[in-house]
J.: 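I have a structure here, written as structure tokens, and I will follow up with some questions on it.
For clarity, every value in this text was computed on a predicted model and none was experimentally measured.
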Amino acid sequence: MALYAEPRAFLLEEEFPHSSPEALALRQVADNGVDDPPAIRAVDRLHESAVRLSASDIHLEPTLAGGRVRLRVDGILREIEQLPRELFHPVVSRVKLLAAMDIAERRLPQDGRYLLDRGGRNLDARVSSMPTIAGEKLVIRLLDMQAQVPGLAALGMGVAMLARYRRVIHAAHGFIVVCGPTGSGKTTTLYASLAERNVDGQHICTVEDPVEVQMTGVAQVQVNPKAGLTFASALRAFLRQDPNVIMLGEMRDAESAGVAMSAALSGQLVMTTLHASDAPRAIERLVEFGLDRHTLAAGLSAIVSQRLVRRLCLHCRSKGCARCDGSGYRGRIAIFEYFPMTSDVRSAVARSQTAVELAGLAARSGYEPMIREGFQLVAHGETSRSELERVLGSGNSE
């Protein structure tokens with residue numbers, strides 16, 4: 001069974017006319033034999049390894065000798081293969097061909113996509129190229145568009161935290177922020193939140209880049225800046241359609257932040273993700289986007305911060321075995337912290353108190369840094385102290 005679809009299935013006439021440089025480059029590659037059996041077999045092999053190991057990303061990285069291939073498994077990059085120079089460049093061209101990218105262009109970053117057939121389920125492969133001093137580097141992000149959205153209870157929140165979070169996501173309006181670094185599971189938390197609100201009689205919509213999972217009954221929009229469809233413009237358009245719940249895939253700029261907060265204050269429930277190190281510092285990040293502190297104090301409902309730590313392999317408990325591919329870990333588990341927007345916290349936000357001061361004040365209402373939850377997982381044998389320090393930093397140890 002083919003693990004990918006041929007690129008011609010994705011080349012739309014209006015996107016790549018026959019006379020365009022992209023189309024000419026594709027034909028030139030085919031004529032020059034770049035699309036030869038060794039490159040095809042190598043790309044097939046990479047896809048098979050990625051699917052077998054449940055990798056989230058494939059990295060093709062140039063080296064002096066050719067290139068190396070690394071897979072991101074459970075958040076960790078793992079080298080699986082070295083490719084000689086005579087094979088690495090054809091493999092890069094093969095992937096770019098599949099993703100309908102301009103193969104002749106190696107000086108500028110590009111983006112593309114193609115589909116992988118995973119035993120009847122389609123994986124959306126998002127390709128990003130970057131010219132480096134050693135050559136062109138590709139990263140292929142693998143998204144299972146038909147993945148099952150987990151229930152909130154399955155995410156790993158504590159009982160008390162889950163009850164508080166459920167109250168805010170079922171509110172008629174508000175502004176919920178889920179923060180953490182890339183790959184910390186923020187979008188999964190928002191999808192699980194939407195799944196609880198996805199009922200008849202409600203208009204639920206999302207603005208994402210990319211749309212990672214397709215949800216029945218939810219109007220999902222993929223942004224397209226080249227066509228003028230940005231986060232802010234899509235948000236404004238949705239607001240004219242009387243939504244109940246809006247999910248903004250990521251808070252990226254002042255314009256989208258302002259529109260999202262305006263929607264929350266106007267009667268919609270808005271959920272978004274944000275890159276911030278912890279929940280109290282998320283407020284500082286929102287201020288950096290230009291949001292007024294008094295507006296934040298009035299509009300914010302709750303802030304959740306999270307990370308993903310690797311779970312110890314149940315069969316070897318960190319020694320390494322065939323089931324965990326020698327890593328000692330298999331799968332990941334989330335750790336959370338919930339920052340409540342109590343009346344005291346809102347007043348402190350409006351008074352421009354620091355993140356440290358806000359954390360101390362919120363602690364009176366049950367706020368605990370996620371390191372506490374992490375140590376509980378270590379005590380219960382779910383993960384290791386070294387893994388917790390890797391994710392949160394050794395400076396967070398108590």
J.: Closest approach of Pro62 and Ala134, non-hydrogen atoms and distance?
T.: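 Taking Pro62 first and Ala134 second, the nearest heavy atoms are CB-O, 3.6 Å.
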
J.: Do you know the tightest heavy-atom contact between Val149 and Ala195?
T.: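 Closest approach of Val149 to Ala195, heavy atoms only: CG1-CB, 4.2 Å.
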
J.: May I ask you to say whether Asp344 pairs ionically with Arg346, meaning some side-chain N is under 4.0 Å from a carboxylate O?
T.: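 The answer is no: the pair does not qualify as a salt bridge.
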
J.: Quick check: are there more than 12 heavy atoms from other residues, nucleotides or ligands sitting under 6.0 Å from NE2 of His275?
T.: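 Yes.
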
J.: Show the nearest heavy-atom pair for residues Ala260 and Met251, with the distance to one decimal.
T.: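 In this case the closest contact between Ala260 and Met251 is CB-CE, 4.3 Å.
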
J.: If you take all heavy atoms of Glu387 and Ser384, which pair is closest and at what distance?
T.: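 That closest heavy-atom pairing would be N-OG, 3.1 Å.
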
J.: Would you say Arg126 and Asp111 make side-chain contact, with heavy atoms under 4.5 Å?
T.: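 Result no, sub-4.5 Å side-chain heavy-atom pair not found.
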
J.: Any ion pair linking Asp124 and Arg113 (charged N to carboxylate O, less than 4.0 Å)?
T.: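 Here Arg113 pairs with Asp124 in a salt bridge, since their nearest N and O are under 4.0 Å apart.
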
J.: I'd like to know whether Leu143 forms a side-chain contact (heavy atoms from CB on, under 4.5 Å) with Leu123, so could you lay out the CA-CA distance, the side-chain angles of the two residues, the decisive distance to 0.1 Å, and finally the verdict.
T.: CA-CA 5 Å; Leu143 303 174; Leu123 289 175; over 6 Å; no

J.: Flag the pair Val213 / Asp144 as yes when at least one side-chain heavy-atom distance between them is below 4.5 Å, and no otherwise.
T.: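 Side-chain contact under 4.5 Å: no.
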
J.: Looking at Arg78 and Asp325, is there a salt bridge between them, counting it only when a charged N and a carboxylate O are closer than 4.0 Å?
T.: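 Counted as a salt bridge, because a side-chain N and a carboxylate O are separated by less than 4.0 Å.
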
J.: Got Leu300 and Leu286 here, is their nearest side-chain heavy-atom distance under 4.5 Å?
T.: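 Yes, their side chains come closer than 4.5 Å.
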
J.: Is Arg323 atom CZ crowded by more than 12 heavy atoms from other residues, nucleotides or ligands, each under 6.0 Å away?
T.: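 Count not over threshold, so no.
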
J.: Does a donor on one side chain sit under 3.5 Å from an acceptor on the other, for Asn244 and Gln268?
T.: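 Side-chain D/A pair, Asn244 to Gln268: absent.
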
J.: Walk me through whether Phe339 and Met341 qualify under side-chain contact (heavy atoms from CB on, under 4.5 Å).
T.: CA-CA 7 Å; Phe339 191 82; Met341 293 300 296; 4.1 Å; yes

J.: Taking the side chain as every heavy atom from C-beta outward, state whether Pro150 and Thr188 have any atom pair closer than 4.5 Å.
T.: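 The answer is yes; the side chains approach within 4.5 Å.
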
J.: With a 4.5 Å heavy-atom cut-off, do Pro181 and Arg307 have their side chains touching?
T.: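 Of all side-chain heavy-atom pairs linking Arg307 with Pro181, at least one is under 4.5 Å.
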
J.: Let's go through Gln110 and Asp102 carefully: what are the C-alpha distance in whole Å and the side-chain angles of both, what is the deciding distance for side chain to side chain donor-acceptor pair (under 3.5 Å) to 0.1 Å, and is it a yes or a no?
T.: CA-CA 8 Å; Gln110 294 187 68; Asp102 184 352; 5.5 Å; no

J.: Carefully, step by step, assess Thr206 and Leu248 under the rule side-chain contact (heavy atoms from CB on, under 4.5 Å).
T.: CA-CA 6 Å; Thr206 74; Leu248 180 64; over 6 Å; no

J.: Is the shortest side-chain heavy-atom distance between Thr272 and Val178 below 4.5 Å?
T.: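 Sidechains of Val178 and Thr272: no contact.
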
J.: Check this for me: does any side-chain nitrogen of one of Glu81 and Arg45 sit under 4.0 Å from a carboxylate oxygen of the other?
T.: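 Judged by the 4.0 Å cut-off on N to carboxylate O distance, Glu81 and Arg45 do form a salt bridge.
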
J.: Mark yes or no for whether Gln306, through its side chain, and Glu337, through its backbone, hold a donor-acceptor pair below 3.5 Å.
T.: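 Judged by distance alone, no pair lies under 3.5 Å.
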
J.: Would you say the side chain of His89 lies within less than 4.5 Å of the side chain of Val92, judging by non-hydrogen atoms?
T.: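 No - every pair of side-chain heavy atoms lies 4.5 Å or more apart.
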
J.: Among Glu136, Arg106, Lys137, which one satisfies side-chain contact (heavy atoms from CB on, under 4.5 Å) with Ser129?
T.: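 Running side-chain contact (heavy atoms from CB on, under 4.5 Å) over Glu136, Arg106, Lys137 with Ser129 returns exactly one hit, Glu136.
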
J.: Looking at side-chain heavy atoms only, is the closest gap between Val378 and Thr383 below 4.5 Å?
T.: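 Yes. Closest side-chain heavy atoms under 4.5 Å.
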
J.: Going by an N to O cut-off under 4.0 Å, is there a salt bridge joining Arg141 and Glu212?
T.: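 Looking at Glu212 together with Arg141, the answer is yes, because their closest N to O distance falls below 4.0 Å.
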
J.: Start with the C-alpha distance between Val309 and Ile333, add both sets of side-chain angles, then the distance that settles side-chain contact (heavy atoms from CB on, under 4.5 Å), and finish with yes or no.
T.: CA-CA 6 Å; Val309 296; Ile333 186 170; 3.5 Å; yes

J.: Should Arg107 and Glu105 count as an ion pair when the cut-off is N to O under 4.0 Å?
T.: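 Salt bridge: yes.
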
J.: Do the side chains of Glu79 and Arg70 get close enough for a salt bridge, i.e. N-O under 4.0 angstrom?
T.: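 The answer is no: the pair does not qualify as a salt bridge.
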
J.: Got more than 12 heavy atoms from elsewhere within 6.0 Å of CZ, Arg281?
T.: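 No, the 6.0 Å shell around CZ holds no more than 12 heavy atoms from other groups.
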
J.: State, to 0.1 Å, how close Leu162 and Ala153 come at their nearest heavy-atom pair, and which atoms those are.
T.: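 Distance-wise, the nearest heavy atoms are CD2-CA, 3.9 Å.
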
J.: Have a look at Ile176 and tell me which of Val245, Val270, Leu269 forms a side-chain contact (heavy atoms from CB on, under 4.5 Å) with it.
T.: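 Among Val245, Val270, Leu269, the one meeting side-chain contact (heavy atoms from CB on, under 4.5 Å) with Ile176 is Leu269.
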
J.: Do Phe289 and Leu358 belong to the same hydrophobic cluster, where Ile, Leu, Val, Met, Phe, Trp and Tyr are linked whenever their side-chain heavy atoms lie under 4.5 Å apart, directly or via other members?
T.: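 Same cluster.
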
J.: If I compare all heavy atoms of Arg385 with all of Phe375, which pair ends up nearest, and what's the gap?
T.: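 Shortest heavy-atom separation between Arg385 and Phe375 comes out as NH1-CE2, 3.3 Å.
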
J.: Answer yes if the side chains of Gln214 and Gln220 hold a donor-acceptor pair under 3.5 Å, and no otherwise.
T.: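 The answer is no; no qualifying pair exists.
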
J.: Please find out if less than 6.0 Å separates the ring center of Tyr165 from that of His170.
T.: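 Ring centres of His170 and Tyr165 not closer than 6.0 Å.
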
